[in-house]
Each structure stands twice: as C-alpha cells, then as structure tokens.
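The next block holds one structure in the form of structure tokens; read it before the comments.
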Amino acid sequence: MEQKRHIRIVPMTEDHLDALERLEKICFSRPWSRRMLAEELENACAAFLVAEDASSGEVLGYAGLLVMADEGYITNVAVFPEVRRCGVAAQIIEVFMNFAKANHLAFLTLEVRPSNTPAIALYRGFGFEEVGRRKNYYDLPKEDALILTRYFEEEER
C-alpha cells in the first residue's frame, strides 16, 4: 500500500473534467461522459467533490452527492487504482457525512456492487447498513446492487 498522501478536497470544476472522464472509464462498465459530468456543474442539487494531491494538484478521485429535500444520494465514488486504500474515498465520504449532519439530512444512501467488498467495508465504517437490493442493477457483468443507507438520528442533525 502506498504511503498516505496529503489530500485536498475541492469542488469539481471544468478543469477536472478530463481527468474524471478518464477515471470513469477505468472504474465503471458504464462510465459517465465528460458532458454528463459537466452537466452536474450546473445542477443546483448536486455537490461533486474532487480529491487532489495537495502538493501536485493531481486528481486522485471524486464523488457526487445529490440532495433532495432532506435526503442525500451519493452517486459515483471513484478513485484511481494506484491510490486506492490510501484514504481518498474516506476523506470525501467524511465531507459528505459532515455536510449531511450540518444540513440536517435524514440519511445518505448509495448503491454498490456486492462484489465490491473494499467499498462495502468503507461504507460500513461510516455506519451505512444494507437496507435493500436492486435486482440486476449493474451490467458488464450483470449484478445486483446493494442499497446502503446511513440514517442520522435527530441529535446528530
């Protein structure tokens, strides 16, 4: 495992789109296009965050959060393979957790492949629990999605 990097979490900008499009193609069988990512820059209900190397500015990973009323939906979470298990995704999820609490969200939820055990372990570490399953949600390969949700008690909000 690579030594932990100093990471800066910043809002996604136009400057990140090329790197994020490359990352999407590496991580997902049905990647979001550059255009799809760019559309999220204009989405008032979306907060997309990018993890950068604090010294070089290199893009390490990213994730998105859609907020509707008091509900938070985490979209794609992706990290370049060479920096996985270095705390990149965890730092982004931590920001989303703090945002959820500060903005009195009832919950954060996401879908994940059952075969993605490292991601499941990460989310469970933040208190996410399996609340359901979407049959045949993913393609290439065909796989269900686990629905993981982290509910926030009134005193946490």
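If you're wondering where the values come from, they're calculated on a predicted model, not measured in any experiment.
Between L20 and M12, the closest side-chain pair of non-hydrogen atoms falls below 4.5 Å. Residues E82 and L60 form no side-chain contact, since every pair of their non-hydrogen atoms from C-beta on lies 4.5 Å or further apart. In this structure, M97 and R150 have side chains that are in contact, with non-hydrogen atoms separated by less than 4.5 Å. When side chains are defined from C-beta on, P81 counts as touching I26, because their heavy atoms get closer than 4.5 Å. In this structure, R113 and S29 have side chains that are in contact, with non-hydrogen atoms separated by less than 4.5 Å. A 4.5 Å side-chain heavy-atom check between S55 and H6 finds every atom pair outside the cut-off. The closest side-chain heavy-atom distance from E40 to W32 is below 4.5 Å. For the pair F126/E94, a side-chain contact is recorded, criterion being any heavy-atom separation below 4.5 Å from C-beta on.
The backbone N or O of L148 lies less than 3.5 Å from a partner atom in the side chain of T109, making a donor-acceptor pair. Judged purely by atom type and a 3.5 angstrom limit, R133 has no side-chain atom pairing as donor or acceptor with the backbone of I147. With hydrogens and angles ignored, the 3.5 Å screen pairs a side-chain donor or acceptor of D144 with a backbone N or O of N136. Checking side-chain atoms of N103 against main-chain N and O of L105 turns up no donor-acceptor pair under 3.5 Å.
Taking a 6.0 Å sphere around CD of E129, one finds it holds 12 or fewer heavy atoms contributed by other residues, nucleotides or ligands.
Residues I9 and Q91 come closest through the heavy atom pair CD1-CB, 4.1 Å. R8 and A54 get closest at one heavy-atom pair: NH1-O, 3.2 Å. Taking all atoms of both residues into account, the shortest heavy-atom contact from F128 to L108 is CE2-O, 3.5 Å.
Within the hydrophobic cluster formed by Ile, Leu, Val, Met, Phe, Trp and Tyr side chains joined at under 4.5 Å, directly or through other members, Y137 is accompanied by Y138.
Y62 pairs with exactly one of V79, N76, L49 by the side-chain contact (heavy atoms from CB on, under 4.5 Å) rule, that one being N76.
To the nearest 0.5 Å, the span separating CG on L17 from CG on L23 amounts to 12.0 Å. For the atom pair CD (E111) and CG (N116), the distance works out to 13.0 Å, reported to the nearest 0.5 Å. Interatomic distance, CZ of F48 versus CG of L66, reported as 5.5 Å (0.5 Å rounding). To the nearest 0.5 Å, the span separating CG on L65 from CD1 on I92 amounts to 11.5 Å. To the nearest 0.5 angstrom, C86 atom SG is 7.5 Å from I7 atom CD1.
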Exercise for review: Might you work through the side-chain contact (heavy atoms from CB on, under 4.5 Å) test for I74 and Y123, ending with a clear yes or no?
Suggested key: CA-CA 11 Å; I74 297 175; Y123 302 135; 5.8 Å; no
Review point. Could you walk me through whether R124 and E130 pass the side-chain contact (heavy atoms from CB on, under 4.5 Å) check?
Key: CA-CA 9 Å; R124 288 195 190 285; E130 184 178 338; 4.1 Å; yes
Practice item. Begin with the C-alpha distance, continue with both residues' side-chain angles, and end with the deciding distance and a verdict on salt bridge (charged side-chain N to carboxylate O under 4.0 Å, His left out) for E14 and R34. Key: CA-CA 10 Å; E14 182 91 19; R34 187 181 197 285; 3.6 Å; yes
Point to revise | CA sep, side-chain torsions, deciding dist, call: R134, L146, side-chain contact (heavy atoms from CB on, under 4.5 Å) | key: CA-CA 7 Å; R134 296 192 200 286; L146 298 181; over 6 Å; no
Exercise for review: Verify side chain to side chain donor-acceptor pair (under 3.5 Å) between E21 and S33, making sure each step is shown before the conclusion.
Suggested key: CA-CA 6 Å; E21 182 181 39; S33 67; 6.0 Å; no
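The residues R30 and D139 are annotated as salt-bridged, a charged nitrogen and a carboxylate oxygen being separated by less than 4.0 angstrom.
The same ILVMFWY cluster, assembled from side-chain heavy atoms under 4.5 Å apart, contains both M68 and Y151. Residues F28 and V88 fall into different hydrophobic clusters, defined by Ile, Leu, Val, Met, Phe, Trp and Tyr side chains chained together at heavy-atom separations under 4.5 Å.
Y73 and E71 share a side-chain donor-acceptor pair at under 3.5 Å.
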